[in-house]
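Below: the structure, in structure tokens.
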Amino acid sequence: MSSRLSGKVCVITGTGGSVGRAAAAVFAREGASVVGCDVNVDAAQATVDLVLAQDGMMLSRHPCDLTSPAGCQSLVELAISAFGRIDVLFNNAAMGQFNWLEDITDDEWDRNRRGEVDLVFYLTRATWPHLKVSRGVVVNMASLSASLSFKPLPSLAHTTAKAGIIGMTRQLAMEGAEHGIRANSISPGVIETNQTREQLKDPEWADYMLGKTLLGRLAQPEEIADVALFLASDESSYITGIDVVVDGGMKVW
């Protein structure tokens with residue numbers, strides 16, 4: 001057990017997914033008490049079991065609907081009742097809807113906003129009073145799609161939402177400065193997950209996306225989690241209001 005987050009209480013959303021699970025594991029390994037959540041009960045519990053098996057400290061609320069203000073409040077209450085404070089909020093969870101402009105429905109657009117923007121707003125608002133007390137940190141998950149478009153990716157709603165997350169993060173950094181709160185975002189390129197492994201079976205998609213990546217491979221979830229760890233820790237104490245691109249060189253060209 002290391003100590004880069006020793007004594008800190010870290011709320012991480014989407015801990016049933018690839019990046020959320022990797023973040024829960026590395027944050028706990030670095031001394032944090034982790035409070036996770038997910039809509040997928042089995043996957044969320046598997047992450048808790050993993051962390052506890054590594055002698056880490058983790059609680060989780062699952063299922064937890066972060067698109068509801070009440071769901072966000074319940075997660076905050078779990079953290080406060082268990083640990084009495086919140087030092088770090090990692091808004092990792094998201095549920096995007098992918099379709100082209102002429103095909104996307106109003107319902108898909110609304111669901112994307114709720115699943116990629118509203119949940120970050122609701123949970124950050126619920127956590128904010130506790131972050132003011134701890135002079136804490138917000139880390140938001142954005143996406144390279146906020147600044148680049150990819151021909152095979154019908155990501156109009158996703159692109160719009162993640163650009164909004166970057167803007168929201170900048171505003172949070174400004175509003176939080178007087179309280180000692182730092183806020184930054186992460187924009188990954190393509191991460192290797194169960195979903196992208198399926199997409200890689202499509203030669204056209206794989207050749208295009210990997211061809212855009214200077215390192216010639218997809219990111220591993222642990223590589224994104226390590227960046228979140230840096231931003232959550234005191235090692236980044238003079239960094240706020242920025243978006244960190246973690247894309248294997250996709251943005252270079």
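Numbering starts at 1 and runs along the sequence shown.
- Counting only heavy atoms from C-beta outward, the side chains of Leu75 and Val11 approach each other to under 4.5 Å.
- Thr240 meets the side-chain hydrogen bond (donor to acceptor under 3.5 Å, both in side chains) test with no other residue; sequence neighbours excluded.
- When side chains are defined from C-beta on, Cys10 counts as touching Leu5, because their heavy atoms get closer than 4.5 Å.
- Scored by the salt bridge (charged side-chain N to carboxylate O under 4.0 Å, His left out) test, Lys8 finds Asp234 as partners (sequence neighbours excluded).
- For Arg125, the salt bridge (charged side-chain N to carboxylate O under 4.0 Å, His left out) test picks out no residue, with sequence neighbours left out.
- Using a distance-only test at 3.5 Å, with no hydrogens or angles considered, no donor-acceptor pair links the side chain of Asn184 to the main chain of Asp243.
- Taking the side chain as every heavy atom from C-beta outward, Phe150 and Met250 approach each other to under 4.5 Å.
- Under the side-chain hydrogen bond (donor to acceptor under 3.5 Å, both in side chains) criterion, Thr127 pairs with no residue, sequence neighbours left out.
- Every pair passing salt bridge (Lys or Arg N to Asp or Glu O under 4.0 Å) that includes a residue from residues 69-85 is listed here, sequence neighbours excluded: Arg85-Asp87.
- You'll find the side chain of Val26 reaches within 4.5 Å of the side chain of Asp226, heavy atoms only.
- Residue Gln97 forms a side chain to side chain contact (heavy atoms under 4.5 Å, CB included) with just one option from Glu116, Arg111, Arg114, and that option is Arg111.
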List, one per line, each side-chain donor-acceptor pair under 3.5 Å for residues 14-22, sequence neighbours excluded.
residue : atom : partner : partner atom : Å
Thr15   : OG1  : Cys37   : N            : 3.1
Thr15   : OG1  : Cys37   : O            : 3.2
Arg21   : NE   : Thr47   : OG1          : 2.7
Arg21   : NH2  : Ala43   : O            : 2.8
Arg21   : NH2  : Thr47   : OG1          : 3.3

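- Although no hydrogens or angles enter the test, the distance criterion places a donor-acceptor pair under 3.5 Å between the side chain of Glu223 and the main chain of Gln220.
- A distance-only check finds no donor-acceptor pair linking the side chain of Thr159 to the backbone of Leu156 [under 3.5 Å].
- Under the ring-ring contact (aromatic ring centres under 6.0 Å, His included) criterion, the residue pairs touching residues 157-179 are Phe98-His158, with sequence neighbours excluded.
- With contacts defined as side-chain heavy-atom distances shorter than 4.5 Å, the pair Leu123/Asn91 qualifies.
- In this structure, CD1 in Ile86 is found 14.0 Å from NZ in Lys132, a value given to the nearest 0.5 Å.
- Under the rule for a salt bridge (charged side-chain N to carboxylate O under 4.0 Å, His left out), Asp103 has no partner lying at least two apart in sequence or in another chain.
- By the side-chain hydrogen bond (donor to acceptor under 3.5 Å, both in side chains) test, Gln199 pairs with no residue at all, sequence neighbours left out.
- With a 4.5 Å cut-off on side-chain heavy atoms, Trp128 and Leu89 do not count as touching.
- Looking only at side-chain heavy atoms (C-beta outward), Val35 and Ile12 stay at 4.5 Å or farther from each other.
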When the side chains of residues 202-214 are checked against the rest of the protein, which donor-acceptor pairs come out under 3.5 Å, sequence neighbours left out?
residue : atom : partner : partner atom : Å
Asp202  : OD1  : Glu204  : N            : 3.1
Tyr208  : OH   : Lys151  : N            : 3.4
Thr213  : OG1  : Met209  : O            : 3.0

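- The salt bridge (charged side-chain N to carboxylate O under 4.0 Å, His left out) test applied to Asp106 returns no partner, not counting sequence neighbours.
- The CG atom of Asn112 sits 9.0 Å away from the NZ atom of Lys162 when rounded to the nearest 0.5 Å.
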Would you be so kind as to tabulate the donor-acceptor pairs closer than 3.5 Å made by side chains of residues 165-174, with sequence neighbours excluded?
residue : atom : partner : partner atom : Å
Thr169  : OG1  : Asn140  : ND2          : 2.9
Thr169  : OG1  : Ile165  : O            : 2.7
Gln171  : NE2  : Glu175  : OE2          : 2.9

